[in-house]
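Report on the structure given below.
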Amino acid sequence: MNPNLHGSAWSGFYKKTLKERQNQLKITFPDLFDQPSPATSIAPSVSPVSSVYSTPLTSICSSPISRKYSEENKSNDTLNGINNEQFNYLIKKLESLNIDQDPFPIKGLDEHIADKMIENCVGTIGLPVGLALNFIINEKPRIIPMAVEEPSVIAAVSGAAKTISSYKGFTAVAPERNSIIAQVVLLDIPQNSLNLAVNKLLHQKPNIIKFANQFCANMVKRGGGVFDMSVRRISRTNNRNKKHHPISSENFREWLVVHLHIDVCDAMGANCASTVAEGVAPHLSELTGGRIGLRILSNLNVERMTKASFRIPLSLLSYKSYTGKEVAALIIEAYEWAEIDHYRAITHNKGMMNGIDSVALAAGQDWRAIEASAHAWACDGVRGDYSQSNNYRPLTTYWIEKDDQLADCRKEGDDCLMFCGELELPITVGTAGGVINTNPVYLYNMGIMGNPNAKELSMIMVCIGLAQNFAALRALATEGIQRGHMKLHATNIAFAALRCYEDETNSSRPSHDIMSVARRMIEKGSITLTTAKELIEESLPKSQISQCTHM
Ligand code: MEV
């Protein structure tokens with residue numbers, strides 16, 4: 001596949017209006033957007049979208065507009081690989097034909113569905129959904145929806161992906177098996193009986209696995225289920241909170257923690273793991289004589305390590321007024337700072353999570369679980385790296401290496417150097433079950449991504465994390481991020497300020513006012529609601545200047 005071809009159809013996407021972008025999606029994904037909402041009720045058992053759709057360049061575009069384009073241009077080509085100009089033609093045509101006036105279906109959650117999802121529901125909250133572009137992952141183009149309120153995140157990640165995909169794109173790997181760990185803790189086993197208890201459990205392993213599998217029969221039917229069990233002895237330590245007043249005289253020094261390893265197919269697996277843990281616990285207690293403690297999944301899932309990486313010649317890294325070599329050196333420096341300073345490492349990882357969380361939100365994933373395990377993995381102790389003091393580290397790594405092939409082609413010096421980036425972390429995601437079928441927006445977003453399975457989704461998300469971090473380091477280490485960020489921030493502030501006046505006067509203001517207020521705030525170097533209000537009031541007749549107090 002030709003990455004440039006992929007890019008050309010989407011270049012300038014950011015300059016289009018919201019409506020034009022939506023129409024471009026309808027044209028690009030006819031199988032997805034030409035049919036009724038993929039989910040209209042709570043948790044239907046099968047998603048109507050299924051996996052009909054594949055990525056844009058390989059999809060058969062059968063929409064009327066696409067066929068019309070082919071006829072008019074006497075071309076047998078469908079939309080596969082069309083360029084931006086052709087896209088614009090189709091978008092205009094779609095608008096002029098007035099084919100589809102339905103509201104675009106990527107929109108907030110119906111409150112009646114929301115009411116069934118959580119307790120004490122009083123409404124819903126919306127987040128913008130945008131598309132990360134230019135991603136080539138394992139040689140396949142991917143368009144990646146992101147739900148995020150922070151300006152610049154999507155522009156930054158798409159810019160980084162453009163650089164990386166201008167060479168060979170991202171390589172990603174994830175384990176074949178999508179598994180999760182269910183934990184059961186067994187307490188109050190006397191110290192001199194612990195060895196015996198562990199041996200009993202290990203001896204009974206096949207029977208325990210068989211017993212446990214009755215609590216995830218559906219998973220077993222799908223080819224998954226409990227496939228292993230391990231036992232850990234955990235030493236107790238004193239309560240860290242000095243105010244603690246012990247109320248139990250028992251003080252067993254060690255606890256047994258049993259791990260049940262479950263293949264959850266394409267599910268995230270949290271419910272399944274907790275059901276198995278609760279179901280199997282009495283049996284484990286009977287075998288060991290231990291008192292049953294907590295029974296729950298672990299959100300640290302080291303069996304789902306997913307790795308994304310890229311390599312790119314230094315020469316392709318040039319950015320703004322910086323040469324590729326300068327950019328490479330500056331990024332390495334920024335990364336090395338995070339390695340030695342956990343104050344910086346946290347921010348470094350936060351930026352990376354901007355990308356991962358946004359995809360998680362857009363795709364209906366448990367982003368709290370993803371966050372928790374990523375930050376745990378950033379700690380040396382959790383990674384099992386005890387050579388260092390217990391430290392918190394950046395999750396990405398960057399380095400420069402010599403490329404043997406380039407060196408063999410008689411390239412010399414910097415010309416045979418490659419800039420490399422890598423991100424590996426445990427990530428628990430699912431594409432079957434959970435809330436994905438509950439909110440139609442998740443299904444559309446999954447469709448735009450090409451309906452990835454759980455393994456593919458984890459790879460997409462880790463690539464996004466790597467690209468997001470690369471983007472942040474590149475911007476921070478060169479021109480800084482505030483210029484680009486401030487433009488969007490100013491637009492948001494101007495919008496908020498203008499809304500205040502709309503509410504008061506009950507009239508809607510043209511959108512170019514927003515841009516002019518934003519531009520003038522930037523010129524003034526003061527991007528605040530107060531400045532925005534002052535600027536708005538400058539152009540308002542006195543009679544319309546009201547006390548805007550509700551901001
Ligand atoms: C802001 O949301 C993220 C950054 O702070 C990340 C970083 O500093 O690496 C820009």
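Sequence positions, counted from 1, serve as the residue numbers for this chain. Ligands are counted one by one from 1 in listed order, and the atoms in each one are counted from 1 as well.
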Practice task
Mind listing the closest non-hydrogen atom pair of N178 and A454 along with its distance?
Solution key: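 Closest pair (atom of N178, atom of A454, distance): ND2-CB, 3.3 Å.
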Practice task
Identify, by atom number and element, the atoms of ligand 1 in contact range of L476, meaning under 4.0 Å from any of its heavy atoms.
Solution key: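 Those qualifying, in numeric order: 7 (C), 8 (O), 9 (O).
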Problem - 4.0 Å heavy-atom contact, M352 with ligand 1 - result: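 It does not; every heavy atom stays at 4.0 Å or beyond.
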[X] vs [Y] side-chain heavy atoms within contact, under 4.5 Å:
| X | Y | result |
| --- | --- | --- |
| W367 | M353 | no |
| Y335 | N469 | no |
| I331 | F419 | yes |
| I370 | D366 | no |

Nearest protein heavy atom with distance in Å, relative to [atom]:
| atom | value |
| --- | --- |
| atom 1 (C) of ligand 1 | E150 OE2, 3.5 Å |
| atom 3 (C) of ligand 1 | N354 ND2, 3.6 Å |
| atom 9 (O) of ligand 1 | R344 NH2, 2.7 Å |
| atom 10 (C) of ligand 1 | I481 CD1, 3.7 Å |
| atom 5 (O) of ligand 1 | T347 CG2, 3.6 Å |

Exercise for the section: Could you label the plane-to-plane angle of the H375 and Y392 rings as parallel, tilted or perpendicular, counting under 30° as parallel and over 60° as perpendicular? Expected result: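 Rings of H375 and Y392: parallel, under 30°.
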Exercise for the section: Looking only at distances, please establish whether an N/O atom of ligand 1 is found under 3.5 Å from an N/O atom of N469. Expected result: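 No; the residue has no nitrogen or oxygen that sits under 3.5 Å from a nitrogen or oxygen of the ligand.
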